[in-house]
Amino acid sequence: MKLLPFAAAMAAIVVASNIGVQFLVADGWLTWGAFTYPLAFLVTDIANRLHGAAFARRVVLTGFATGLACSLVGTQIEGAFGPLVTLRIALASGIAFLAAQAIDLGVFSALRDRRWFVAPLTSSVIGSVVDTALFFSIAFAGFLAFPAGWGDVSWAQEATAVGPLWVALALADWGVKLGVALLALVPFRLITGKLAPNVA
């Protein structure tokens, strides 16, 4: 029963992020999903702090299953340029989520005995780097060859001041993740301090 609120929170974040990614902000450099998705690290870290890594792993798997369901639905919805979710994006999303969350769990567990903010901040920052690098590389990089039917990414190769457009998008996304990781320290401290004052 204690899994339910964590699983529900993780599922809600994943669903909100999958919906939010369809809506652009900041002149097309970001989507609303960039602001909701990093909260998945907050849920994982609170679960880890309160109930341990094995419990948090179950929460992560709930998020992964929810993400798979969202991708499946997205592949069936036609947008202006084809399916809302291509196979390439679905693959990138799943791999990035699992890898980043696994690293977040490992780093948090290794640092859990340090000062209260060290584990959640360090694990979220490292997890965010991995998530951003994996997702944007697999989803949009021109140097990775995928079948044409898995999604056209030629638009992401457009040149910008920092390189291909997909690199600029990744940097903007990562910047948001870093900001959310810092802000998330407040609810992390409030929740863990209240529910497990001798642990946090």
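Quick note: numbers below take in every heavy atom, side chains included, and nothing from hydrogens, waters or symmetry partners. Nothing fancy with the numbering, it's 1 onward along the sequence.
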Does any pair with a residue in residues 135-149 pass side chain to side chain donor-acceptor pair (under 3.5 Å), and if so which ones, sequence neighbours excluded?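 Found none.
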Only pairs at least two apart or in different chains count here, so list each side chain to side chain donor-acceptor pair (under 3.5 Å) that has a residue in residues 31-41.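 Side chain to side chain donor-acceptor pair (under 3.5 Å) check on residues 31-41 returns S17-T36, Y37-D131.
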Distance-minimising heavy-atom pair for F135 and S93: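 Closest approach of F135 to S93: CD1-N, 3.7 Å.
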Side-chain donor-acceptor pairs under 3.5 Å in residues 2-14, sequence neighbours left out?
none

Compute the centroid of each ring, for F140 and then for W155, and state whether the two points are separated by less than 6.0 Å.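 They qualify: ring centres under 6.0 Å apart.
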Partners of [X] by side chain to side chain contact (heavy atoms under 4.5 Å, CB included), sequence neighbours excluded?
X	result
L87	W150
L42	L39, I46, A184, P187, F188
L185	W116, F117, P120, L121
V162	T160, A168, L171

Please list every donor-acceptor pair under 3.5 Å in which a side-chain atom of residues 52-73 meets a protein atom from a residue at least two apart or in another chain.
{"unit_1": "T62", "atom_1": "OG1", "unit_2": "R58", "atom_2": "O", "d": "3.1"}
{"unit_1": "T66", "atom_1": "OG1", "unit_2": "T62", "atom_2": "O", "d": "2.8"}
{"unit_1": "S71", "atom_1": "OG", "unit_2": "G67", "atom_2": "O", "d": "3.2"}

Hydrophobic clusters join Ile, Leu, Val, Met, Phe, Trp and Tyr when side-chain heavy atoms are under 4.5 Å apart, directly or via other members; which others share one with L190?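 When side chains under 4.5 Å apart are linked, the cluster holding L190 also contains V186.
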Starting from V21 and following side-chain heavy-atom contacts under 4.5 Å between hydrophobic residues (I, L, V, M, F, W, Y), which residues can be reached?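 For V21, no cluster forms, as it stays isolated from other hydrophobic side chains.
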Is it the case that more than 12 heavy atoms not belonging to F23 sit under 6.0 Å from its CZ atom?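 Count not over threshold, so no.
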List the atom pairs, with distances to 0.1 Å, where a side-chain N or O of residues 94-107 and a protein N or O form a donor-acceptor pair under 3.5 Å, not counting sequence neighbours.
{"unit_1": "Q101", "atom_1": "OE1", "unit_2": "T44", "atom_2": "OG1", "d": "2.5"}
{"unit_1": "D104", "atom_1": "OD1", "unit_2": "S123", "atom_2": "OG", "d": "3.1"}
{"unit_1": "D104", "atom_1": "OD1", "unit_2": "S124", "atom_2": "N", "d": "3.4"}

For residues 161-173, which residue pairs qualify under salt bridge (charged side-chain N to carboxylate O under 4.0 Å, His left out), counting only residues two or more places apart or in two chains?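 Checked against salt bridge (charged side-chain N to carboxylate O under 4.0 Å, His left out) - neighbours excluded - the pairs reaching residues 161-173 are D173-K177.
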